[in-house]
Amino acid sequence: MVNETFTINKKMESEIVMISLQQLLEQDNFTKDELIYLLSLENKNDIDLLFEKALKVKEKYFGTDIHLRGIIEISNHCEENCLYCGLRRANKNITRYRMSVDEVVNAALHIKEAGVKTVVLQSGEDSDLTQQMVTEMIQKIKAVHDCAITLSLGERSYADYKTWFAAGADRYLLKHETNNENLYKFIHSNQSLKNRLEHLLYMKAIGYQIGSGNIIGLPTQTLEDIAEDLVLCKQLDLDMASFSPFVSSEKTPFANIANASVDSTLKVMAVARLYLKNVHIPATTALATLDERGREKGILAGANVIMPSFTPHPYRTDYLIYDDKICIGEDPRQCISCLSIRISSVGGTISNSKGDSLKFTLPTILD
Ligand code: SF4
């Protein structure tokens, strides 16, 4: 039922406040209890109202623009062993690759030809992908394409972050995955959440536009955990925030865990749009893997970014964090016409800008 009454027990103020969903959605900010309430909506009319409001907030900041980010998956080597991930080092059943600098620059030229103004370099945590190699990739790409460069190379040394920023990298994407320390520890036995957050804050301090976000549908995860994820995203003052569904990989310890629900993921994205307002939020490839119209549904729930892969063959089929990833058999250069049809079918238009953060200010490099 629309306009169902939401009762907030404001313990601090010793009063009970009754408001409708409509009124709640008009608020400028939300408490953790309110976030949990919105994440728990089940009634179709209520959820439609949530998505409608999220779309309006997205359009207030971004209009109908959808930003494309062209991803090049430059290495699938990884020294970590995250329980859910098909690239984990214990997985001996994949063909490992590391692209050369020239191969990466060539793929970036395809991104340029497609008119896409952001190049994302993504990999597992691969120390043989040296600081020097990535520096060369950044410099050579910037020399041939007037674009923004996002790095998504996992946790690296502070010296690496600083060198790559000085070389021309603009953004860094490092998902926190979950703000529940016990769950984080369970998934990454030798990494710490605290450390990851310190890396993000360092990157922000030296001038990167930063992106983070969670995974929805992890074992034992509760709505309160997800609300905590959203609160963390706000505290970090992110430029980009990604909320992707868990999709299982048969080659991992999480092989038998059920995939996340598309509807739950869309709700998180919509609540994130209301709460985080002007951040970039992608409709992820994982969402489109679970639902053929996942990207369109994501846009209607408040997303404003799509990240097509431009990883060339033969590597394209070997970057499998999860099973059944879409589009890996396609020629990446043909993706744009497909995406263009999908985006316009839900009232979006592909932006021809770099799609920098709306919070962006001129960076300064720390000494
Ligand atoms: S999630 Fe990232 S760090 Fe973890 S195993 Fe996969 S590629 Fe490596």
Side-chain angles (χ1 to χ4, degrees), residues 69 71-99 104 120-131 133-134 150-158 160-161 164 171-200 203 210-219 221 229 240-255 257 259-260 282 284-287 289 307 309 311 315-325 328:
R69 321 292 201 196
I71 299 188
I72 310 170
E73 292 143 333
I74 61 179
S75 163
N76 71 352
H77 289 266
C78 189
E79 287 140 28
E80 294 300 333
N81 228 355
C82 307
L83 292 183
Y84 63 83
C85 179
L87 304 189
R88 63 200 305 270
R89 71 168 187 271
N91 180 11
K92 305 296 180 207
N93 295 315
I94 55 168
T95 308
R96 302 282 176 175
Y97 70 85
R98 185 177 300 111
M99 291 171 67
V104 171
V120 183
L121 303 182
Q122 189 167 66
S123 73
E125 291 200 4
D126 176 11
S127 56
D128 286 337
L129 185 65
T130 62
Q131 182 188 92
M133 285 170 74
V134 176
T150 302
L151 302 178
S152 176
L153 309 176
E155 287 181 25
R156 300 285 303 224
S157 71
Y158 283 18
D160 284 351
Y161 299 140
W164 296 335
R171 309 172 188 153
Y172 207 105
L173 183 55
L174 183 65
K175 291 187 85 165
H176 74 270
E177 299 178 1
T178 173
N179 194 18
N180 176 323
E181 277 193 55
N182 291 334
L183 184 52
Y184 190 94
K185 197 81 207 151
F186 173 59
I187 295 169
H188 320 85
S189 49
N190 61 345
Q191 291 179 303
S192 92
L193 177 60
K194 182 172 170 286
N195 194 50
R196 180 152 296 211
L197 300 183
E198 282 169 3
H199 280 235
L200 278 162
M203 292 169 201
I210 58 165
S212 194
N214 76 351
I215 300 174
I216 296 148
L218 293 171
Q221 186 184 49
D229 290 331
M240 310 165 263
S242 167
F243 307 95
S244 52
F246 166 76
V247 185
S248 71
S249 162
E250 65 175 3
K251 300 179 181 107
T252 69
F254 279 11
I257 306 253
N259 291 340
T284 62
T285 304
L287 183 62
T289 295
M307 303 174 76
S309 168
T311 306
Y315 309 123
R316 200 170 167 79
T317 48
D318 290 320
Y319 200 89
L320 293 179
I321 290 175
Y322 50 81
D323 294 340
D324 303 323
K325 185 175 170 190
I328 56 174

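Below, all heavy atoms of this structure are taken into account, side chains as well, without hydrogens, waters or symmetry copies. Sequential numbering from 1 along the given sequence is applied to the chain's residues. For ligands, and for the atoms within them, numbers begin at 1 and follow the listed sequence.
One side chain, Glu79 or Ser127, offers a donor N or O that lies under 3.5 Å from an acceptor on the other.
Checking Leu174, Val120, Leu173, Leu121 one by one against Leu151, the side chain to side chain contact (heavy atoms under 4.5 Å, CB included) holds for a single residue, Leu121.
Distance check, rounded to the nearest 0.5 Å: CD of Glu73 to CD of Gln122 gives 5.5 Å. The CD atom of Glu80 sits 8.0 Å away from the NE2 atom of His188 when rounded to the nearest 0.5 Å. Here the straight-line distance linking atom OG of Ser192 with atom CG of Leu197 works out to 8.0 Å at 0.5 Å rounding.
For atom 4 (Fe) of ligand 1, the count of nearby protein N/O/S atoms, taking only those under 2.8 Å, is 1.
Using a 4.0 Å cut-off between a side-chain N of Lys or Arg and a carboxylate O of Asp or Glu, Lys185 and Glu181 do not qualify as a salt bridge.
Distances from atom 2 (Fe) of ligand 1 to the protein include no heavy-atom value under 4.0 Å.
Which parts of ligand 1 touch Tyr84 is read off a 4.0 Å heavy-atom cut-off, strictly below it: atoms 1 (S).
Residues meeting the ring-ring contact (aromatic ring centres under 6.0 Å, His included) test with Tyr172, sequence neighbours left out: Tyr161, Tyr208.
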